[in-house]
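Every number for a ligand or one of its atoms is a count from 1 in the order of the listing. Scope of the values below: all heavy atoms of this structure, side chains included, with no hydrogens, waters or symmetry mates. Note that the structure is a prediction, hence the values are computed from the model and not measured.
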Amino acid sequence: MSEKVFPKDFMWGAATASYQIEGSPLADGAGPSIWHRFSHTPGNTYNGDTGDLADDHYNRYKEDIALMKELGLKAYRFSISWSRIFPNGKGKINEKGVDFYNRLVDELLKANITPFVTLYHWDLPAALQDLGGWTNRDIAYWYTDYADYMFQRLGDRVKNWITLNEPWVMAFVGHFMGEHAPGMKDLYAAFSVVNNQLRAHSKTVKAFREENVKEGKIGITLSNTSHDPATDSQEDIDAARLAHEWTNYPLFLNPIYNGEYPSGIKEHASVFLPHNYENDLEEIKEKIDFVGINYYSGDLVKLDTKSFLGGKTVERGLPKTEMGWEIYPEGFYKILKGVQEEYNPKEVYVTENGAAFDDSVVNQEVHDENRIDYLKQHLEQALRAIQNGVTLKGYFVWSLLDNFEWALGYSKRFGIVYVDYKTQKRIIKDSGKWYSQVIKNNSFNF
Ligand code: BGC
């Protein structure tokens, strides 16, 4: 067997998220989400773009699943829009919202594609934001009630569940930097959001165990950037380590696996954590079945006493994607190896990896060699991680379709399938055709 082959049963997939692709955010009785509000507020998104139409996936899901089938995907990761199910975030149920996800799941299963469901990918019901959103401690109950309801309705067919997508981004980009919904700039709020997301996550994992979903697995998806020290000075090494503990998997996995925040956070940022947060840690420490790793990029970190937690990024001249993010495949290996060494999860999935490039359509084709290069280099590192003991079970490319890239609107394309937003026509990019060969050969070497 060639050493370039992935393990048998490797789960090849693609990922999306509700607000980024569905469109029709208020259809069939759904309530508004914080992203609906945020994108409709002038000045918040590139070009004033909103998710009103997006990829019109809400109406075209069958066509999209046919595309997935054509690509040969074995798995599909999507998220549920909480406010389609509970328009007010809690209380009254909107059966038509449940219907949509029932139809989606059934269609996937018919196509032999395994659904991976993310329960929360940033589109909080706006009604809950009016009650303080993730800064309100009660959200642990609101969220668990919603999640538990989804286990009851879809658990007979959906076996793989992700509680939260990138809680770091929700907390800090949404509540400290103000660039994402709900658009707040309050560091204390951001840390309370970290703590409440952890509470909500673990409470939901407990509810999941009680529901006894047959063969069900549950995990969490975390964002990661490979932070390397800019020099070998102790100061820069410490700054890079702190950046790692703050922005990567340790901020969430240390409480989940060890019942405490990472040491650097305790030392430098505990003042920002909610009063008496220590009392929550016992409840937060709760076994999960897998860890979802999202990885796009790396950076070099230098000590900067003026910035929060003392780190700043310095240029190292690596090629970049259209997002301005460094292409640093080696960092992917470091993150995968790191999570296994530090927390030893039973299973790891790469729940997102991919790149935005300035694609153009030429004679109904998209020749995105740069994306193929990016994906290939990262798959090489994923395989290297497996060969070095990482329990990696699957890989989801971000994204199936070009979509609403949050504050950057439709200006950045991540899809392996091109979407013409005016006509809603889909074109499988060269990277999509290439990925489909990867799946078929269980290898990037063909
Ligand atoms: C998110 C996606 C996003 C992607 C590219 C991740 O942070 O989970 O929703 O589109 O990265 O920015």
(message) Just to check, does V169 reach to within less than 4.0 Å of ligand 1 when the distance is taken from its heavy atoms?
(response) no

(message) Quick check on K412 - does any of its heavy atoms sit under 4.0 Å from an atom of ligand 1?
(response) no

(message) Taking side-chain contact (heavy atoms from CB on, under 4.5 Å) as the criterion, tell me which of I288, I284, I162 meets it with H201.
(response) I288

(request) Determine the sole option in T118, L400, I21, L104 for which the side-chain contact (heavy atoms from CB on, under 4.5 Å) test with F78 is passed. (result) L104

(request) Report, in ascending order of atom number, the atoms of ligand 1 lying under 4.0 Å from any heavy atom of H121. (result) 1 (C), 2 (C), 8 (O), 9 (O)

(message) Which of the numbered atoms in ligand 1 are under 4.0 angstrom from any heavy atom belonging to W122?
(response) 1 (C), 7 (O)

Protein residue, atom and distance nearest to [atom], heavy-atom basis:
atom: atom 4 (C) of ligand 1; result: Y296 OH, 3.4 Å
atom: atom 7 (O) of ligand 1; result: E166 OE1, 2.5 Å
atom: atom 12 (O) of ligand 1; result: E405 OE2, 2.6 Å
atom: atom 1 (C) of ligand 1; result: E352 OE1, 3.3 Å

(request) Taking all heavy atoms of P229 and all of L300, pick out the closest pair and write down the distance. (result) O-CD2, 3.6 Å

(message) Pairs of nitrogen or oxygen atoms closer than 3.5 Å, one from W325 and one from ligand 1: do any exist?
(response) no

(request) Could you say whether the N/O atoms of N403 and ligand 1 ever approach to under 3.5 Å? (result) no

(request) On the 0 to 90° scale, with breaks at 30° and 60°, tag the Y421-Y410 ring pair as parallel, tilted or perpendicular. (result) tilted

(message) Main chain of V419, side chain of D402: is a donor-acceptor contact present, judged purely on distance under 3.5 Å?
(response) yes

(message) Would you say OH of Y46 has more than 12 non-hydrogen atoms from neighbouring residues, nucleotides or ligands within 6.0 angstrom?
(response) no

(request) Tell me whether the centres of the aromatic rings in F10 and W12 are closer together than 6.0 Å. (result) yes

(request) Please state which part of N165 comes within less than 4.0 Å of ligand 1, counting heavy atoms only: side chain, backbone, both or neither. (result) side chain

(message) Can you tell me how far apart CD (E245) and NE2 (H268) are? Round to the nearest 0.5 Å.
(response) 8.5 Å

